[in-house]
Structure formats: C-alpha cells, structure tokens
There are 2 protein chains.
Amino acid sequence: MHKIDDMDVRILGQLQRDGTLSIDSLAERVHLSRNACWRRMKNLEERGFIRERVAILDAEAAGCGLSVFIFVRTANHDPDWLGKFRAAVSGFPEIVGVYRTSGDLDYILRARVSGVKAYDRLYQRLIAKVPLSDVSASFVMEEIKETTSIPLSEMVGGAG
Amino acid sequence: MHKIDDMDVRILGQLQRDGTLSIDSLAERVHLSRNACWRRMKNLEERGFIRERVAILDAEAAGCGLSVFIFVRTANHDPDWLGKFRAAVSGFPEIVGVYRTSGDLDYILRARVSGVKAYDRLYQRLIAKVPLSDVSASFVMEEIKETTSIPLSEMVGGAG
DNA sequence: CGTGAAACAGACCGACC
DNA sequence: GGTCGGTCTGTTTCACG
C-alpha cells in the first residue's frame with residue numbers, strides 16, 4: 001500500500017477542486033515551496049492517485065439536462081447475456097454510469113438525456129440490443145448535490 | 001439559447017475527455033488553427049459551457065473504494081425537514097451526490113466510503129442529524145462504466 | 001477564419017544546501 | 001524539505017490578410 005501524508009492529501013484535495021491551479025498557487029495554498037510541491041504532484045500522478053484531468057461541462061447548456069437513474073433486475077445471469085449487456089451500455093454515450101450492486105437490484109444505470117422522449121428512445125435502443133426484464137426509471141427532478149471530489153478524510157490520520 | 005456549431009462540439013468533446021490538452025494539440029485534433037481554436041475555447045468558457053476543470057482521483061487509491069447508493073423514501077415533506085436534510089448532506093464529503101427524484105423513491109444519494117463499517121458510521125451520523133425513515137442501501141460490487149463525459153450528440157444536428 | 005510574431009507565464013529539471 | 005537558475009513549452013495578444 002502506498003504511503004501518503006497530510007501534505008499529499010492537501011495537494012490532492014486542491015487539485016480535485018480546481019485542476020487549473022498552477023504549481024505556484026498550488027504550492028502557496030498547501031504551504032510548500034514550488035519545487036517540493038511539483039515533486040510531490042508528479043509523484044502522486046506516477047503512483048496513480050490522479051487518474052485524469054478533465055473539463056466538466058454544463059449538462060443543461062449541453063442539451064442533456066435530464067438525468068435518469070435506471071434500475072435493472074434480472075434473472076438472467078449467463079455470461080453471454082452479461083457480455084452483451086456490457087457491450088451495449090458501453091456503446092451509449094448517454095449512459096454515464098453502470099454499476100453492479102448488492103441488494104434487491106442487480107444493476108443501477110445513470111443516463112443523461114435531453115428529455116423524457118429522448119429517454120424513451122434510449123430505452124428502446126437499449127432493450128433492442130440486450131433483453132432486459134424488470135426495468136424501472138427515476139427521473140432526477142433536482143440535483144441537490146453533485147461533485148467529482150472524493151472524500152480524503154479516510155486517507156491519513158483517520159481513526160479507521 | 002446559445003448557438004453552437006459542430007466545431008464547438010468537437011472542442012468540448014476533446015476537453016471533457018482530456019483537460020490537459022494544450023491549445024496546439026487541441027487545435028490539431030479538431031482541425032483548426034491555434035488562434036481560432038483558442039478564441040472558441042475562451043468563448044465557450046465565458047458562455048458557461050465549461051463549468052470547471054478538475055483532477056479525477058483514484059477512489060481505490062484514496063481509500064474510499066466502496067461506492068454506495070442510498071435510497072430514501074419519506075413521508076415528511078415540511079420545509080424545515082428539507083432544509084435540515086440539505087444542510088446535512090452538504091456537510092458530508094462522503095456523500096458525493098444527492099438527487100430528488102420522481103417515482104417510488106424521494107431521494108437517491110451516492111456515497112464513497114472505505115468499507116461497510118465506514119458506511120454504517122456515515123449512516124449513523126446522517127440519521128443523527130436529520131430524521132430519516134425508510135432508508136435502504138445498495139453497495140456497488142463493480143463499476144462497469146463511470147464517466148464524467150456527457151453526451152454531446154444532442155447539441156447540434158440532433159433531431160431533438 | 002488563417003498566419004506570424006512578440007511578450008509573458010508557467011512547467012520542468014538539474015545542482016546544491 | 002528549500003533555493004537558484006536555467007531551458008523549454010504553452011498561453012495570451014497583437015497586427016494583418
């Protein structure tokens with residue numbers, strides 16, 4: 001397991017809040033010299049703590065303001081079906097998340113579409129590619145919280 | 001509504017895949033000159049199409065490899081409760097998404113924790129802050145797909 | 001929209017304490 | 001870990017066609 005200290009956590013915390021930070025302003029915020037900060041950042045990148053740097057677009061402006069959670073319950077567990085399912089969901093850019101879960105549901109999907117009609121079209125295209133029984137959907141009426149920042153409190157000094 | 005053309009869509013698509021792209025490589029990929037590409041990018045930023053640029057961290061490496069969906073159904077709809085609920089979920093960094101939804105469920109939450117024990121602690125702290133009845137959770141066994149990229153097909157030329 | 005150029009900031013990377 | 005100083009890359013604006 002990688003060893004991380006408090007300073008690394010602070011650097012990661014800043015970068016996941018604002019990826020445009022220059023080395024100088026980052027160093028200033030975490031109270032470190034420019035070079036030491038740069039060395040740590042490179043190290044964290046190499047060790048895989050930083051997976052990617054991306055631009056987060058405004059979904060509303062981009063015309064896909066409707067977020068939908070899709071719940072799939074299936075009795076069908078043969079590998080052939082699963083392969084088709086994986087291939088299908090991977091091919092839809094509207095489907096932004098697919099999770100196999102414990103509990104009542106087998107799969108939870110999240111999609112971004114322009115509206116209810118676009119969702120129905122997505123649904124029709126999906127079930128045409130892979131047989132799905134027991135599908136239900138919840139439309140997001142309001143995004144109360146949504147962040148790409150993961151909690152870093154567990155990384156260091158935590159009581160476990 | 002803002003007017004966007006195919007070239008803008010291509011620029012946004014590249015940036016949401018890789019936010020580290022320099023103007024030169026971005027211009028090359030979308031087949032535009034450096035300067036024209038820069039002008040369009042600035043314009044898109046000013047118009048709010050690009051909400052933020054962030055680093056996406058590796059949740060596993062960061063010690064919060066367990067993703068949980070939490071489903072809340074409530075009969076309690078008074079504004080006082082809702083205010084407390086909003087304040088509570090906003091205060092927990094482990095809770096990375098909160099959505100008010102249509103359908104059977106009232107709220108869907110997503111949390112990132114280190115494990116089942118950490119989830120239980122989060123749950124206890126949450127219900128201590130705000131009364132919740134009818135809560136259920138699904139633990140993510142496998143992330144089949146997860147992306148911050150939103151579909152851009154709807155933006156231009158789409159049949160709507 | 002394209003080009004070129006100039007000015008500036010920032011990233012990168014050694015050497016050294 | 002901090003400092004110095006260098007080079008190189010990239011950004012940001014010009015002016016002009």
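Sequence lines set the chain letters: A, B, ... in the order given, protein chains first and strands last, and positions in each chain run from 1.
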In whole Å, I'd like the distance from the [atom1] atom of [X] to the [atom2] atom of [N].
X     : N      : atom1 : atom2 : value
B:M41 : D:dT11 : CE    : C1'   : 9 Å
B:L21 : D:dT11 : CG    : C1'   : 15 Å
B:E28 : C:dT3  : CD    : C1'   : 17 Å
B:L32 : C:dC1  : CG    : P     : 6 Å
A:R39 : C:dC12 : CZ    : P     : 14 Å
B:N35 : C:dA6  : CG    : C1'   : 13 Å
A:R40 : D:dG2  : CZ    : C1'   : 13 Å
B:H31 : C:dG2  : NE2   : P     : 12 Å

(message) Of the options D:dT13, D:dT11, C:dG2, whose atoms approach the side-chain atoms of B:A36 most closely?
(response) C:dG2

(request) Compare the minimum distances between each of D:dT11, D:dG1, C:dA11 and the side chain of A:S22, then state the nucleotide with the smallest one. (result) C:dA11

Is a donor from one side chain sitting under 3.5 angstrom from an acceptor on the other, for [X] and [Y]?
X     : Y      : value
A:S67 : A:R110 : yes
B:D18 : B:T20  : yes
B:N43 : B:R39  : no

(message) Does D:dT12 have its OP1 or OP2 closer than 4.0 Å to a side-chain nitrogen or oxygen of B:W38?
(response)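 Indeed, a polar side-chain atom of B:W38 lies that close.
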
(request) Classify the angle between the aromatic ring planes of A:W81 and A:Y107 as parallel (below 30°), tilted (30 to 60°) or perpendicular (above 60°). (result)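 Taking A:Y107 first and then A:W81, their aromatic rings sit tilted (interplane angle of 30° to 60°).
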
